[in-house]
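Here's the structure we're looking at; comments come further down.
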Amino acid sequence: RNLFEMSRVFLPPDFDQFYIDGRYGFYGLKALELALSSAQLKSYDWIIFLDEDAAILNSNRLHELINYMQYEKFAVAGVRDGGEMEFRKGNPHFPNLSFCVINRKLLPKCINYSPKLSSDFFTNKENFDKIPCSNISGKIYECSEEYYNFFNELKLKNLKFLFLQSRFDNQSEDEYTTVFLDHKGIDLIIHTWWARAFGNNKIHTARINKVF
């Protein structure tokens, strides 16, 4: 079965679902712009980005997270792209887009989606040294993603970010699959990673099938 078809089985029925096909480069910053500026999604106050190789473990906990974000006025919730997960060496200022909750009501009316952060920003050690990360190992400021531009613009406007913690599902058997925790430290999302290898790589295909 197609990985996307499999993942739909694990999505709660009380959330409307929209599929953005990223196989041909339509992902990251382009996916953000589509979801947040599309007339089709204009009526939604909350947008949740979730990769097709991830599943929501408890929809009630997701509702509780959203309620908490609304009460505390958090604009964005997600897991840091660097310093939290061992194999992600990205920017710890910003969340990884594999699971990200966005409160549209708090977003500025005009957002510039064009990439504008310079390479100096991503390689300047001062931009990353003051981040409290629990799993720092090696350099965490070398990798960059275009969608950082969007989140950086929100930070410049002093919007609040809620950074969630994560853990390995079973590191002794699987070096990639991680569990994202909610604001209370309870399991919320399971993410296998490496969806692009599903059906093409035997090891990753078997690993993902086992988790799902």
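If you're wondering where the values come from, they're calculated on a predicted model, not measured in any experiment. Basis for what follows: all heavy atoms, side chains included, without hydrogens, waters or symmetry-related copies.
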Atom CD1 of residue position Ile203 - does it have more than 12 heavy atoms of other residues, nucleotides or ligands inside 6.0 Å? no
Going by the angle between their ring planes, with limits at 30° and 60°, are Trp194 and Tyr176 parallel, tilted or perpendicular? perpendicular
Side chain to side chain contact (heavy atoms under 4.5 Å, CB included) partner of Phe94, chosen from Asn149, Leu154, Asn152: Asn152
Taken to the nearest 0.5 Å, the spacing of Cys100 SG from Phe180 CZ works out to 10.5 Å
Polar side-chain atom of Asp182 near backbone of Ile186 as donor-acceptor pair, under 3.5 Å: yes
Pair Tyr68, Phe74 - check side-chain contact (heavy atoms from CB on, under 4.5 Å), show working. CA-CA 8 Å; Tyr68 176 75; Phe74 282 106; 3.8 Å; yes
Are any of the side-chain heavy atoms of Tyr148 and Leu29 separated by less than 4.5 Å? no
His183 and Glu64: side-chain contact (heavy atoms from CB on, under 4.5 Å), yes or no, with the steps? CA-CA 9 Å; His183 58 296; Glu64 288 187 21; 4.3 Å; yes
Would you confirm whether Tyr147, through its side chain, and Leu32, through its main-chain N or O, come within 3.5 Å as a donor-acceptor pair? no
Pick from Val179, Leu181, Leu62: which one makes a side chain to side chain contact (heavy atoms under 4.5 Å, CB included) with Leu188? Leu62
For Phe168, does the CZ atom have more than 12 heavy-atom neighbours from other residues, nucleotides or ligands under 6.0 Å away? yes
Same cluster (ILVMFWY, side-chain, under 4.5 Å), Phe150 and Leu41: yes
Of the non-hydrogen atoms in Ile189 and Ala54, which two are nearest, and what is the gap between them? CG2-CB, 4.2 Å
Please report the C-alpha distance between Val211 and Ile190 in whole Å, then the side-chain angles of each, then the deciding distance to 0.1 Å, and finally whether the side-chain contact (heavy atoms from CB on, under 4.5 Å) criterion is met. CA-CA 9 Å; Val211 171; Ile190 190 165; 3.7 Å; yes
Hey, mind stepping through Arg61 and Asp187 against salt bridge (Lys or Arg N to Asp or Glu O under 4.0 Å) and telling me if it holds? CA-CA 9 Å; Arg61 298 225 59 82; Asp187 294 357; over 6 Å; no
Measuring from Ile208:CD1 to Asp174:CG, what's the distance to the nearest 0.5 Å? 9.0 Å
How about Lys160: does its NZ atom have over 12 heavy atoms from other parts shown lying under 6.0 Å from it? yes
A side-chain contact here means heavy atoms from C-beta on lying under 4.5 Å apart; do Pro108 and Leu159 qualify? yes
Residues in salt bridge (Lys or Arg N to Asp or Glu O under 4.0 Å) with Glu72, at least two apart? none
Can you list the steps and then say if Val76 with Asn103 is a side-chain contact (heavy atoms from CB on, under 4.5 Å)? CA-CA 6 Å; Val76 177; Asn103 183 351; over 6 Å; no
Return the minimal non-hydrogen interatomic distance between Pro92 and Arg80, and the atom names on each side. O-NH1, 2.6 Å
Please report the interatomic distance CG(Asp21) to OH(Tyr19), rounded to the nearest 0.5 Å. 4.0 Å
Around atom OH of Tyr71, are there more than 12 heavy atoms of other residues, nucleotides or ligands at under 6.0 Å? no
Taking every non-hydrogen atom, the tightest pair across Ile111 and Glu153: CA-OE2, 3.6 Å
Would you check if the side chain of Asp53 reaches a backbone N or O of Trp193 as a donor-acceptor pair within less than 3.5 Å? yes
Under 4.5 Å between any side-chain heavy atoms of Val79 and Thr178, yes or no? no
Taking the side chain as every heavy atom from C-beta outward, state whether Ile56 and Ile48 have any pair of such atoms under 4.5 Å apart. no
Of all heavy-atom pairs linking Ile47 and Arg104, the shortest is CG1-CD, 3.5 Å
With side chain to side chain donor-acceptor pair (under 3.5 Å) as the criterion, how do Arg207 and Thr192 come out once you've worked through the C-alpha distance, each side chain's angles and the decisive distance to 0.1 Å? CA-CA 8 Å; Arg207 183 179 59 80; Thr192 64; 4.8 Å; no
With heavy-atom distances below 4.5 Å as the criterion, would you say the side chains of Phe87 and Glu175 are in contact? no
Please answer whether the main-chain N or O of Ser166 pairs with a side-chain N or O of Glu84 as donor and acceptor at a distance below 3.5 Å. yes
Distance, nearest 0.5 Å, that separates CG of Leu97 from CD of Glu145: 8.5 Å
Rounded to the nearest 0.5 Å, how far apart are CZ of Phe161 and NZ of Lys155? 5.0 Å
Taking the side chain as every heavy atom from C-beta outward, state whether Phe198 and Asn209 have any atom pair closer than 4.5 Å. yes
Is there a chain of hydrophobic side chains (I, L, V, M, F, W, Y, each step under 4.5 Å between heavy atoms) that links Tyr27 to Ile102? no
Within this structure, what is the CD-NZ distance for the pair Gln165 and Lys184, rounded to the nearest 0.5 Å? 15.5 Å
Nearest heavy-atom approach of Phe49 to Ala31 is CE2-O, 3.9 Å
